[in-house]
Amino acid sequence: MDLEKHPAAPAPAPAAGLRASDADRDRIAQILGDAVAEGRLTAEEHSERLDTLYAVKTVGELEALVRDLPAPGGAHAPSSYAGAPGQAAETLVAVCSSSSRKGRWRPGAHTRAVSVMGDITIDLTQAVFEQQVTEINVTCVLGNVEVLVPENVTLRGYGSGILGNFEVRGMSRGETDPQAPVVIVRGFSLLGNIEARPKPGARLVDLARKLRKNLDG
């Protein structure tokens, strides 16, 4: 019997052709968010890579998006402005009723909204963002879900509707702050309405100063 101790072999990396999971996309989105916050990517480059992030299907295609960027926790990784690890997603449910989240609140990296013959409002215009990328997943059946964001937040949408509406407005506004948080709305509407848009006059201010303060610790 060989009693000699051998170092444990490192876990194998995911195969490049493996289908990407939500966790894989979240990891890449965080790297891209850190990169734009540090100035490694321009706002336009970040937007292009983020759009590609939710279009590709394999782990290899995701990894190609961050091949020229430092990994999280490396020597050049930022010290903060990342979501709290393991933070649970907040869920809003409206069944033949209404639900809302607004005012001065701290949205997590993930928020779920489920509306069945109900109304949900998610108002981020006064929210305190603690991560670069905030994702909202919406399921709407015979209901209505509205998402409001500040004018200078980058807004992206990926979804569809069957006999319903999925609409994200203001996704390519030229005045978007290059260091502003990114809000991604993903959803499915069946005989319902999902709408995300900037709220006129609502802006997050001093984003660069606040970000530098967080990074300097």
Side-chain angles (χ1 to χ4, degrees), residues 20-23 25-26 28-29 32-33 43 46-57 83 87-177 180-204:
S21 67
D22 287 342
R25 296 184 196 279
D26 292 344
I28 300 300
L32 294 176
H46 179 256
S47 178
E48 290 173 2
R49 295 196 192 195
L50 200 62
D51 286 339
T52 304
L53 170 69
Y54 289 94
V56 300
K57 293 180 170 56
Q87 187 178 39
E90 180 174 359
T91 301
L92 286 79
V93 179
V95 179
C96 297
S97 62
S98 62
S99 180
S100 66
R101 202 72 166 87
K102 55 186 177 181
R104 196 73 170 171
W105 64 295
R106 299 175 184 271
H110 297 274
T111 297
R112 299 188 184 97
V114 179
S115 171
V116 180
M117 294 189 291
D119 295 317
I120 294 178
T121 299
I122 301 176
D123 188 341
L124 298 166
T125 56
Q126 298 182 48
V128 178
F129 293 89
E130 296 184 327
Q131 60 279 326
Q132 182 71 19
V133 179
T134 298
E135 184 169 325
I136 300 173
N137 289 275
V138 181
T139 301
C140 181
V141 180
L142 291 167
N144 182 69
V145 178
E146 183 180 40
V147 180
L148 300 172
V149 302
E151 285 187 319
N152 54 334
V153 162
T154 301
L155 182 61
R156 292 284 179 265
Y158 307 90
S160 61
I162 297 179
L163 299 177
N165 179 59
F166 177 88
E167 182 178 8
V168 177
R169 289 186 270 164
M171 289 198 295
S172 301
R173 301 177 70 89
E175 66 271 22
T176 297
D177 191 305
V182 177
V183 176
I184 300 170
V185 179
R186 303 173 70 183
F188 172 75
S189 172
L190 174 62
L191 295 169
N193 177 63
I194 300 172
E195 180 181 354
R197 59 182 175 85
K199 184 176 181 179
R203 294 179 65 83
L204 291 180

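Values reported hereafter were calculated over all heavy atoms of this structure, with side chains retained and with hydrogens, waters and symmetry mates removed.
Applying the salt bridge (charged side-chain N to carboxylate O under 4.0 Å, His left out) rule to R197 yields the partners E146, E195; only residues at least two apart in sequence or on another chain are considered.
With rounding to the nearest 0.5 angstrom, the CG atom of L155 is 11.5 Å from the OG1 atom of T134. Distance check, rounded to the nearest 0.5 Å: OG of S115 to CG of N193 gives 10.0 Å. In this structure, CD in Q132 is found 8.0 Å from OG1 in T154, a value given to the nearest 0.5 Å. In this structure, H110 NE2 and Q131 CD are separated by 8.5 Å, a value rounded to the nearest 0.5 Å.
In this structure, P200 and E151 approach most closely via the heavy-atom pair CA-OE2, 3.4 Å. Taking both residues in full, the closest heavy atoms of A127 and P107 are given as CB-CD, 3.7 Å, listed atom of the first, atom of the second, then distance. G192 approaches S189 most closely through the heavy-atom pair O-OG, 2.7 Å. What you find for F166 and R186 is that their closest heavy atoms are CE1-C, 4.3 Å.
The side-chain contact (heavy atoms from CB on, under 4.5 Å) test with I120 is passed by exactly one of V145, V114, V93: V145. The side-chain contact (heavy atoms from CB on, under 4.5 Å) test with I136 is passed by exactly one of V147, I184, L92: V147.
Side-chain atoms of T52 come within 3.5 Å of backbone atoms of E48 as a donor-acceptor pair (strictly under, hydrogens ignored).
In this structure the side chain of V183 reaches within 4.5 angstrom of the side chain of L124, judged on heavy atoms. Side-chain contact between I162 and F188 is present, with heavy atoms from C-beta onward closer than 4.5 Å. Within the 4.5 Å cutoff, side-chain heavy atoms of I122 are placed close to those of W105.
A donor atom on one side chain and an acceptor atom on the other are not found under 3.5 Å apart for D123 and T121.
Using a cutoff of 4.0 Å between basic side-chain nitrogens and carboxylate oxygens, E135 and R25 are not scored as salt-bridged.
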